[in-house]
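Heads up, the thing below is written out as C-alpha cells.
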Amino acid sequence: MPELPEVETTARGLRERIVGKRIAEVSGIDWPRMLPNAAPELLAAVLPSLTVELVDRRGKYLILGLSDDRWLTIHRKMSGNLVFDPDGASLLAPHTHLVIHFEDSSELRFVDPRKFGRVYLFLDREELDRFLAQRLGPEPLADLTVARLRSLVEGRRGRLKSLLLDQRFLAGIGNLYADEILWDARLHPERSAGSLTRPELRRLADAIVRVLTEAIQRRGTSFSTYLDASGQPGENQSSLQVYGRAGLPCPRCARPIERRVIAQRGTWLCPHCQRLPRPAVP
DNA sequence: TAAATCCTGTCA
DNA sequence: TGACAGGATTTA
C-alpha cells in the first residue's frame with residue numbers, strides 16, 4: 001500500500017520523534033515470517049540498549065540507523081503501518097506484530113493486517129547497502145533528468161506501466177502513482193518504453209518528479225488504510241486525477257476515465273488523453 | 001510475460 | 001459470496 005510519498009512522510013514523522021531514543025526492549029512478535037533474516041530471539045537480543053541515530057528512506061523501505069552500526073529496515077507492503085505512541089499507554093491495535101519500547105516508555109509499533117510486511121535486521125551498513133542495491137534502482141527524486149531517464153529506459157523492453165512498477169528501474173513508484181504519473185505525462189500504460197520520443201521522455205520525467213513531490217507535500221495518499229507515524233491520514237487522495245476514478249470525468253478532457261487490468265494490476269487511464277500511437281504501416 | 005503465492009479486510 | 005486491494009518474489 002504505501003509508496004514513496006507515504007514512506008517519505010512516515011520517515012519524516014518518525015525522524016523528529018525517535019532519533020536519539022534508546023531502545024529498552026522489543027515485544028509482541030507473533031509472526032516470525034515477518035522477519036526473513038533474523039530470528040525473533042536475535043532481534044530481542046540485539047536491539048535493547050541501542051540508540052536510534054537516523055531515520056531514512058530508500059524506495060519503499062524505511063531505514064532505522066541504530067548505534068553500533070545496526071540497521072533495521074521495514075517494508076510495509078500492502079497494509080503495514082508504523083505507529084508511534086508517545087507514552088506507550090494506548091491499547092495495542094489489532095494486528096500489531098512488533099513493538100519497540102524506548103527507555104522513555106514511548107513505543108514504535110508495527111501494525112499489519114495482511115502480514116505481508118517485512119522487517120530486516122542488518123549487522124552493518126555494508127550488508128544493508130548490498131540488500132538495497134540488489135533490489136532497487138535510482139531514487140526518482142534525485143536528479144531525474146531526461147538524459148538520465150533515457151539511459152534508464154534504453155535497453156528496457158516492456159510496457160511503461162510495468163516498467164514504472166519495476167523497483168529496479170526506479171525505486172518507490174507503485175500502482176497508484178504509476179497511473180497518476182502516466183496520466184500527467186499523457187502516455188498510455190501499454191506504450192512500449194523503448195519507443196518514447198524525446199518530448200515524451202521529457203513529459204515522463206517531469207510527471208514523475210511533479211506527482212511524487214506534490215504527493216509528499218500533501219503527506220501521502222490515504223486511499224484506504226495508510227496512516228502516518230502520528231496516526232493521521234494523508235491529504236493527497238483528494239488530488240488524485242485517475243486512480244480509482246472509473247467513470248468520472250477526466251480532469252483534462254472531461255471524457256470518462258476507464259479501468260482496465262494491465263500488468264496484472266488495476267489501471268486507470270483516460271483513453272482520450274493517453275492514446276497509443278498508431279502503429280506504423282510498413 | 002503471466003500466474004501463483006503470501007494474508008486479512010472491505011465492499012458490491 | 002466473490003472480487004479486489006497502494007507489493008514483490010518465485011515459479012511456469
Side-chain angles (χ1 to χ4, degrees), chain A residues 1-11 29-37 57-62 73-82 93-98 110-120 131-137 140 156-183 189-194 208 211-212 214-216 218-228 232-247 258-269:
Chain A
M1 141 203 157
E3 306 180 31
L4 186 155
E6 291 75 38
V7 183
E8 180 63 31
T9 302
T10 301
I29 300 174
D30 64 347
W31 186 250
R33 295 179 75 156
M34 176 181 75
L35 306 167
N37 77 340
R57 177 196 61 76
R58 179 79 170 86
K60 301 172 194 171
Y61 291 89
L62 185 88
T73 302
I74 299 152
H75 196 307
R76 292 146 67 186
K77 295 287 182 83
M78 298 289 266
S79 63
N81 273 318
L82 282 160
H95 311 294
T96 300
H97 303 305
L98 171 67
F110 184 52
V111 182
D112 184 13
R114 287 178 74 179
K115 299 178 178 166
F116 286 175
R118 295 292 180 262
V119 177
Y120 301 85
F131 174 88
L132 295 174
Q134 240 176 310
R135 288 166 173 76
L136 301 179
R156 302 293 305 245
R157 295 177 304 124
R159 317 277 170 188
L160 282 183
K161 171 97 184 206
S162 32
L163 196 63
L164 287 178
L165 293 177
D166 181 351
Q167 301 303 297
R168 281 177 242 244
F169 172 65
L170 283 172
I173 298 168
N175 202 37
L176 184 153
Y177 292 109
D179 284 2
E180 293 294 309
I181 287 165
L182 290 172
W183 179 86
E190 289 180 294
R191 182 71 183 277
S192 72
I208 290 168
V211 167
L212 296 177
E214 289 180 3
I216 291 171
R218 299 188 185 103
R219 309 176 47 76
T221 303
S222 291
F223 193 74
S224 58
T225 60
Y226 162 73
L227 299 173
D228 71 12
Q232 294 294 114
E235 292 152 16
N236 195 60
Q237 50 279 15
S238 55
S239 303
L240 295 180
Q241 310 292 306
V242 284
Y243 185 87
R245 299 176 59 81
E258 265 184 30
R259 179 189 187 276
R260 305 182 193 170
V261 175
I262 295 172
Q264 292 88 246
R265 309 297 300 277
T267 299
W268 286 264
L269 73 156

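Keep in mind that what you see is a predicted model, and the values were worked out from it rather than measured. Chain A is the first sequence line, chain B the second, and so forth, proteins listed ahead of strands; every chain is numbered from 1.
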Counting only N and O atoms by type, is there a donor-acceptor contact under 3.5 Å from the side chain of [X] to the main-chain atoms of [Y]?
X      : Y      : answer
A:R57  : A:G59  : yes
A:E6   : A:E3   : yes
A:Q167 : A:L165 : yes
A:E235 : A:R219 : no

Residue pair A:H97, A:D30: steps toward the side chain to side chain donor-acceptor pair (under 3.5 Å) verdict: CA-CA 6 Å; A:H97 303 305; A:D30 64 347; 2.8 Å; yes
Test item: [X] and [Y] side chains (from C-beta on) under 4.5 Å apart, heavy atoms:
X      : Y      : value
A:F116 : A:S79  : no
A:L212 : A:I173 : yes
A:W183 : A:L269 : no
A:T10  : A:P2   : no
A:T221 : A:Y177 : yes

Nucleic acid contacts of residues 175-183 of chain A, taken as heavy-atom distances under 4.0 Å to DNA chain B: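 DNA chain B contact set from residues 175-183 of chain A: none.
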Between [N] ([atom2]) and [X] ([atom1]): distance, integer Å:
X      : N     : atom1 : atom2 : result
A:R156 : B:dT1 : CZ    : P     : 11 Å
A:M78  : C:dA3 : CE    : P     : 17 Å
A:Q264 : B:dT1 : CD    : P     : 10 Å
A:K161 : C:dG7 : NZ    : C1'   : 12 Å
A:E6   : C:dA5 : CD    : C1'   : 14 Å

Residue list, ring-ring contact (aromatic ring centres under 6.0 Å, His included) with A:Y243, at least two apart or on another chain: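 Result, ring-ring contact (aromatic ring centres under 6.0 Å, His included) vs A:Y243: A:F223, A:W268.
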Under the ring-ring contact (aromatic ring centres under 6.0 Å, His included) test, residues paired with A:H75 that sit two or more places apart: A:Y61
Considering only nitrogen or oxygen atoms on both sides, find all protein atoms under 3.5 Å from nucleotides 8-12 of chain C and state each distance.
{"from": "C:dA8", "atom 1": "OP1", "to": "A:H75", "atom 2": "NE2", "distance (Å)": "2.7"}
{"from": "C:dA8", "atom 1": "OP2", "to": "A:K60", "atom 2": "NZ", "distance (Å)": "2.6"}
{"from": "C:dA8", "atom 1": "OP2", "to": "A:Q167", "atom 2": "NE2", "distance (Å)": "3.4"}

Derivation and outcome, side chain to side chain contact (heavy atoms under 4.5 Å, CB included), residues A:L182 and A:V242: CA-CA 10 Å; A:L182 290 172; A:V242 284; over 6 Å; no
Quantified in whole Å, what is the [atom1] atom distance between nucleotide [N] and nucleotide [M]?
N      : M     : atom1 : value
B:dA3  : C:dC4 : P     : 14 Å
B:dA4  : C:dA3 : P     : 13 Å
C:dT11 : B:dC7 : P     : 16 Å

Paired stretches of DNA chain B - 3 or more consecutive Watson-Crick or G-U pairs, each distance under 3.5 Å: B:1-6 with C:7-12, B:8-12 with C:1-5
Base-contact (B) and sugar-phosphate-only (S) positions in nucleotides 6-12 of chain B, heavy-atom cut-off under 4.0 Å, - elsewhere: BBBS---
